[in-house]
Amino acid sequence: MTPAGLEQDSHAAGSRDAKQEGRKAASLAVGALLAVSLGLTAALLVFSAYQYRSQVISEAENRSIAIARVLEEHAARTLGIHASTLSHMEWMVDDLGWDRIDNTPLLFERLKAMAAQSPEVQSYWITDETGRVRASSYEWPMRPLNAGDREYFRAHLYPGTMLHIGPRLNGKIVSDVFFTLSRRMELPDHRFQGVAQISLLPSYFTDFYRSVLHGSRDVILLMREDGEVLVRNPMIAPEDSAAIGHFPELISAPDRNGIFRTVTPSDGIERLLARRKVPDLPVYVVYGTDVASIEAAWRDRVLPYALTAFPALGLLGLLGGIALHRSRQAVNAQEALRRANEALEGRIAERTRHLDQALADKEVLLRDIHHRVKNNLQVILSLLELQAQRSPELEAPFSEALTRINTMGLIHEQIYRSTGISAVRLDNFVEALAGHLNSFHSRPGRTIVIRHRVEPVSLDLNRVVPFALILNEVVSNAYKHAFTGRCSGTIDIAVKAEGGSLHLTIEDDGTGAPEPEDAAPPGRRSMGMDLVRAFTRQIHGEYHFTRGAGTRFDLVFPQEADPA
């Protein structure tokens, strides 16, 4: 076998190995995509479940806090009003005195009327400093009754405690369950005078709590500072029970923004509790949300997504297996397509090489044409210069022709040197033309400086010749006429693009030279001015001269050629 044949066999083996590696890579890619899709779907399900759990717990916390605030406001208003009533009762005692209270039903009638107007009040009581009940809203004259053994009386024996919340009690006259709100009464010298006390019905608070209870297993507690429960809804003990619970741990438990989680001792149910202290009163309100109901709400919210996600995972796995099988088929089809594409690309590449070669030959030919034109113009320029030297009388008329021919030669030189052949960069061209004009018009003993500020814009070949000849005529005219009698001067050339137009400005600091036509001898038209007019119309522009301390020429024409 020849070395060429061995090399072909080696290339063929390498191609087969590459195909096999490609098939393996495609299968691995589809398998990896399937694994990532399954893992991502499962991760999204777990993340969504976690997010929903946090959301449900946050909603329960916010709801519990909001309800606790309502309970706090209700307790503050209700108990606050009755705290003011106790002050009013002390004033009535001071006004009437014990003798009138014992001998007339006046205070009894007032207290009875007040009790009738307040559904939460069971009764009003007034005891003296010995604990003897001197008046109530129940009866008059008052039967012998002593409250010295009651907590609400003993709590006021010593100064310092003006308001006191008592525990649940059974009445001595009527067996209703109540809890007390009491106030210490004092004489002007601050000696103990007795106690004014209001018996409040827990049932009134229970009815209100029932209206704000959110869940069937939620709980509302009204508690004293020592943890004694005054009101509970729902009740788990008989309504007429005096003691329904004492849970100081619910008062002392640390919280986070008024929220803590614990098992309520009364029924063993874990709850999320919101605790609020009633302002200016030794009492708390607690609202508890059943944790099991929060978990159930979370499961109810996640379950539809889980029921959708698990079948989706199975379907995704099935589709992934189908995709893996199809990917292998696609690799084989792609291999056949690749072979066909290679053959087609070979033919296209061969055709493209011919076209590129033809295009390169054309560009070389055009460059060569421009180079030859430039050389021919240089020959013509040299012949004219020789003729002008032999005939001095022709030097003046030939000078203008020489500059115009040189300008056209510069254009072809710029085209020959540029990377493209469809446009000429004005900044490079103006710099070359300025150097030529300065060299051509220089005279011993006179220094004229040309400064140029040209933006890097390009101009198409159809318009660069008129533009260059206009520039040549105006600058040459400035050299001839602007600096008469002067040995120095400056000519400024500026080109800028603005608003879709090109702006050419040529300005000298000479003596205010006339327009080329004005400088012509009488009876003769200026050829330079005729050229300026003709070339300006050719590029669809407008121009004007401005005379002052010097002369300024402005030309404006479209930056893009007219498609017509």
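S211 places a side-chain N or O within donor-acceptor distance of the main-chain N or O of F208, the cut-off being under 3.5 Å. For R184 (side chain) and G194 (main-chain N/O), no donor-acceptor pair under 3.5 Å exists by modelled atom type. Between the side chain of D95 and the main chain of W91, no donor-acceptor pair closer than 3.5 Å is present. Looking only at distances, a side-chain donor or acceptor of R275 sits under 3.5 Å from a matching main-chain atom of I251. When atom types are taken as modelled, the side chain of E186 and the backbone of Q193 share no donor-acceptor pair closer than 3.5 angstrom.
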- Hey, mind stepping through V133 and N146 against side chain to side chain contact (heavy atoms under 4.5 Å, CB included) and telling me if it holds? CA-CA 6 Å; V133 179; N146 192 283; over 6 Å; no

- Query: What do the steps show when you test I126 against V93 for side chain to side chain contact (heavy atoms under 4.5 Å, CB included), and what is the final call?
  - Reply: CA-CA 9 Å; I126 297 176; V93 171; 3.6 Å; yes

- side chain to side chain contact (heavy atoms under 4.5 Å, CB included) between R425 and S458, intermediate numbers included: CA-CA 4 Å; R425 278 275 297 263; S458 297; 3.5 Å; yes

- Message: Please determine whether side chain to side chain contact (heavy atoms under 4.5 Å, CB included) holds for the pair M142 and R134, giving the CA-CA distance in whole Å, both sets of side-chain angles, and the decisive distance to 0.1 Å.
- Response: CA-CA 7 Å; M142 193 68 210; R134 304 297 290 267; over 6 Å; no

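Considering all non-hydrogen atoms of both residues, P265 and E249 come closest at CG-OE2, 3.0 Å. Scanning all heavy atoms of the two residues, the minimum distance from S293 to D290 falls at OG-O, 2.5 Å. Heavy-atom minimum distance, W98 versus E129: NE1-OE1, 4.4 Å. Taking each heavy atom of L504 and V495 in turn, the nearest pair found is CD1-CG2, 3.7 Å. Smallest separation of non-hydrogen atoms from D176 and F178: O-CD2, 3.4 Å. Contact between M185 and T127 at its shortest, heavy atoms only, is CE-O, 3.8 Å.
Looking at E560 and R463, no side-chain N of the basic residue comes within less than 4.0 Å of a carboxylate O on the acidic one, giving no salt bridge. By the 4.0 Å N-to-carboxylate-O rule, E59 lies too far from R63 to be salt-bridged with it. The pair R261-E270 meets the salt-bridge criterion, with a side-chain N (NZ, NE, NH1 or NH2) lying under 4.0 Å from an Asp/Glu carboxylate O.
Residues that satisfy the ring-ring contact (aromatic ring centres under 6.0 Å, His included) test with F153, not counting sequence neighbours, are F192. Residues satisfying the ring-ring contact (aromatic ring centres under 6.0 Å, His included) criterion with Y204, sequence neighbours excluded, are H74. For T289, the side-chain hydrogen bond (donor to acceptor under 3.5 Å, both in side chains) partners at least two apart in sequence or on another chain are S64. In this view, F247 satisfies the ring-ring contact (aromatic ring centres under 6.0 Å, His included) rule with no residue, not counting sequence neighbours. For T308, the side-chain hydrogen bond (donor to acceptor under 3.5 Å, both in side chains) criterion is met by no residue, not counting sequence neighbours. Every residue two or more places apart in sequence or in another chain that forms a side-chain contact (heavy atoms from CB on, under 4.5 Å) with E345 is listed here: N341. The side-chain hydrogen bond (donor to acceptor under 3.5 Å, both in side chains) search around R256 returns E61, not counting sequence neighbours. Residues meeting the side-chain hydrogen bond (donor to acceptor under 3.5 Å, both in side chains) test with T130, sequence neighbours left out: D128.
Note on ring orientation: taking the six-membered ring where Trp is involved, the planes of F205 and Y209 are tilted (angle from 30° to 60°).
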Under 3.5 Å, sequence neighbours excluded: what are the donor-acceptor pairs made by side chains of residues 228-235?
from, atom 1, to, atom 2, distance (Å)
R232, NH1, P234, O, 2.2
R232, NH2, S266, OG, 3.1
R232, NH2, D267, OD2, 3.2

Kindly list each side-chain donor-acceptor pair under 3.5 angstrom involving residues 277-287, sequence neighbours excluded, with atom names and distances?
from, atom 1, to, atom 2, distance (Å)
K277, NZ, L281, O, 2.5
Y287, OH, H214, N, 3.0
Y287, OH, D218, OD2, 2.8

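Evaluated for a side chain to side chain contact (heavy atoms under 4.5 Å, CB included) with T85, the options I198, V121, L181 yield exactly one hit, I198. Checked against I165 for a side chain to side chain contact (heavy atoms under 4.5 Å, CB included), the options R224, E151, M223 give a single hit: R224.
Residues E139 and R143 meet the side-chain proximity criterion, which asks for heavy atoms closer than 4.5 Å. Between I269 and V263 the shortest side-chain heavy-atom distance does not fall below 4.5 Å. With contacts defined as side-chain heavy-atom distances shorter than 4.5 Å, the pair R150/L169 qualifies. Using a 4.5 Å cut-off on side-chain heavy atoms (C-beta onward), I259 and L273 make no contact. The side-chain heavy atoms of L213 and V219, taken from C-beta on, include no pair separated by under 4.5 Å. The side-chain heavy atoms of S123 and S199, taken from C-beta on, include a pair separated by under 4.5 Å.
Between Q197 atom CD and H156 atom NE2 the span is 9.0 Å, to the nearest 0.5 Å. Between the NE2 atom of H164 and the OG1 atom of T180 there is a distance of 5.5 Å, given to the nearest 0.5 Å. Rounding to the nearest 0.5 Å places CG of L502 at 6.5 Å from CG of L426. Taking CG of L79 as the reference point, atom CG of L163 lies at 10.0 Å (rounded to 0.5 Å). Atom CD in Q559 sits 8.5 Å away from atom CG in L459 (nearest 0.5 Å). From N257, atom CG reaches atom CG of N62 across 10.0 Å, with rounding to the nearest 0.5 Å.
Around CD of E295, the count of heavy atoms belonging to other residues, nucleotides or ligands within 6.0 Å exceeds 12.
Note on residues 99-135: pairs passing ring pair (Phe, Tyr, Trp, His ring centres under 6.0 Å), not counting sequence neighbours, are W125-Y138. Applying the salt bridge (Lys or Arg N to Asp or Glu O under 4.0 Å) rule to pairs touching residues 69-90 yields E72-R276, E73-R77, E90-R183, sequence neighbours excluded.
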